[in-house]
Protein chains: 2
Amino acid sequence: MPAMTTRPQQGRRRAHALSKAQIVRAAIEILDRDGEHALTFRALSARLATGSGAIFWHVADKEDLLAAATEEIIARLVAEPGNDMEPKRAIRAVALAVFDAIDAHSWLGGQLFRNPAQPAALRISEMIGRSVQALGVPERALFNCWSALINYMLGVAAQNAANARQAHAEADRSAFLANVANRWAHLDPTEFAFVRQVADELRDHDDREQFLAGIDLILAGIGTLTRRADPSP
Amino acid sequence: MPAMTTRPQQGRRRAHALSKAQIVRAAIEILDRDGEHALTFRALSARLATGSGAIFWHVADKEDLLAAATEEIIARLVAEPGNDMEPKRAIRAVALAVFDAIDAHSWLGGQLFRNPAQPAALRISEMIGRSVQALGVPERALFNCWSALINYMLGVAAQNAANARQAHAEADRSAFLANVANRWAHLDPTEFAFVRQVADELRDHDDREQFLAGIDLILAGIGTLTRRADPSP
DNA sequence: TAAAGCAATGGAACGTTGTTCCATTCAAAT
DNA sequence: ATTTGAATGGAACAACGTTCCATTGCTTTA
């Protein structure tokens with residue numbers, strides 16, 4: 001019996017079958033607890049007590065995994081209320097829900113906007129679109145108003161996610177902001193007059209309010225397209 | 001003479017000294033030609049006919065390298081005109097300049113917005129801020145108006161970059177858009193009524209116009225904050 | 001001019017990652 | 001009882017960012 005290279009017998013496990021949903025759930029837990037960079041197939045294998053091969057049987061690649069995780073979170077979010085609301089209120093509600101979701105899962109921002117055409121994300125676009133339509137925006141301007149809102153939402157969202165990632169490296173959020181604010185406050189007074197001026201406000205602003213203010217700004221802009229009746233041209 | 005493990009003599013090269021600027025220039029060329037994923041220290045070493053060690057002598061790490069590349073592009077952009085312009089025109093000009101830069105260097109979007117507080121990027125924020133101020137926005141609203149514009153700019157920018165990355169995988173841009181539009185057009189008619197409706201417009205819209213329309217929308221929104229004189233409340 | 005010091009170089013080596021490969025197992029179908 | 005094939009777990013691979021280090025040649029010093 002010459003030395004056939006035979007693998008040592010492997011410990012089997014089939015106690016609870018492995019499923020994509022289970023994998024995605026574990027991935028989300030790792031992402032939420034330890035951050036985006038901590039999600040590796042090895043960490044995931046360890047947590048699920050299996051090998052990477054088994055995971056790849058259920059998942060195409062890492063992008064697929066992250067997409068599925070995003071899908072999962074957004075699906076929970078979309079499954080909520082918000083049928084018959086006044087359009088503006090509806091838009092604010094959807095926007096805030098997205099904002100809060102990204103705030104709670106800092107990895108979501110980068111992901112959601114790396115691929116905003118994901119099925120579940122499309123449902124958000126749909127809700128925004130209908131509300132904009134309900135505002136009475138003229139046909140021509142519809143597409144642009146809709147996309148401006150979506151782009152702004154995703155922009156701030158991902159932006160916040162990026163900040164959260166950096167703030168995680170330092171002590172905490174407020175320390176991080178104070179740090180940035182200080183750096184800004186010491187810039188060249190003539191070249192950076194404005195940035196220096198808003199440095200203070202940066203230090204203790206509320207991201208959520210700031211976000212909503214931007215939404216309202218765009219809504220106000222949309223308002224100028226629709227209210228052609230009241231004032232004179 | 002026992003076997004000292006001595007390295008085989010290395011070929012030297014000092015024909016043209018290596019500098020950070022030179023490295024950054026080469027990095028930009030790789031990024032522009034072959035995309036973000038193609039910029040590796042090995043590719044960079046090959047192009048500069050050196051070793052990775054030599055590169056790391058001039059550059060802290062990859063993040064530093066990408067930041068420097070971003071800085072380089074933005075610096076060129078900022079070094080231009082735009083002193084005394086009407087505020088709205090100035091804002092549009094800056095925004096379009098940023099948009100075009102990101103359009104020309106598809107990697108720039110993701111980078112610029114992963115770290116929007118980079119020195120050169122701050123100069124853009126400063127220009128926007130001054131213009132917003134010049135519009136006569138009340139003190140309280142200044143910070144929010146400014147950040148809404150910046151966030152929207154970066155949002156669309158990075159969004160476009162993401163699309164460019166995906167479009168690069170497929171044939172070209174228009175084929176990519178047509179593909180997405182087709183997928184949207186075949187969604188469930190009741191659940192995705194709106195998205196289906198705008199699918200056509202997506203197919204042959206102009207990114208640049210769309211971007212500018214969003215800017216104008218925000219500017220219109222800002223206008224409602226400042227024009228308290230003309231119409232009645 | 002000779003020696004010493006040191007910024008700079010180039011490439012081997014390291015640790016980690018995403019992914020592939022494959023011998024193996026178990027439950028269902030035959 | 002046998003065959004089948006979906007599913008498993010872990011070894012192996014390629015590529016990456018980064019570190020390490022023997023070596024070089026310019027510059028400074030004696």
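Order of the sequence lines sets the chain letters (A, B, ...), proteins ahead of strands, with each chain counted from 1.
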Is the centre of the B:Tyr152 ring less than 6.0 Å from the centre of the A:Tyr152 ring? no
Taking C:dT9, C:dG11, C:dT19 as options, the one with an atom nearest any side-chain atom of B:Leu18 is C:dT9
Can we say A:Asp100 and A:Arg208 salt-bridge, meaning some charged N sits less than 4.0 Å from an Asp/Glu carboxylate O? yes
d(A:Leu108 CG, A:Glu72 CD) to nearest 0.5 Å is 11.5 Å
Given C:dA7, is OP1 or OP2 found less than 4.0 Å from the side-chain N or O atoms of B:His58? no
From the list C:dT20, D:dT18, D:dT8, which nucleotide is the closest neighbour of the side chain of A:Ala54? D:dT8
Gap between atoms CG and P, on B:Leu65 and D:dG17 respectively (whole Å): 10 Å
At a heavy-atom distance below 4.0 Å, what parts of residues 34-45 of chain A sit against DNA chain C? A:Leu39, A:Thr40, A:Phe41, A:Arg42
Round to a whole Å and report the spacing from NZ of A:Lys62 to C1' of D:dA15. 15 Å
Taking atom types as modelled and ignoring hydrogens, do the side chains of B:Arg173 and B:Asn163 form a donor-acceptor contact shorter than 3.5 angstrom? no
Starting at atom CD of B:Gln22, determine the distance to atom P of C:dT9, rounded to an integer number of angstrom. 9 Å
What residue pairs, at least two apart or across chains, pass side-chain hydrogen bond (donor to acceptor under 3.5 Å, both in side chains) with a residue in residues 27-36 of chain A? A:Glu29-A:Arg47, A:Asp32-A:His105, A:Asp32-A:Trp107
Nearest-nucleotide pick for B:Phe56, side chain only, options being D:dG17, C:dT19, C:dT9: D:dG17
Using a cut-off of less than 4.0 Å, is there contact between a side-chain N or O of B:Trp57 and OP1 or OP2 of C:dT9? no
Basic-acidic side-chain contact under 4.0 Å: A:Arg123, B:Glu191: yes
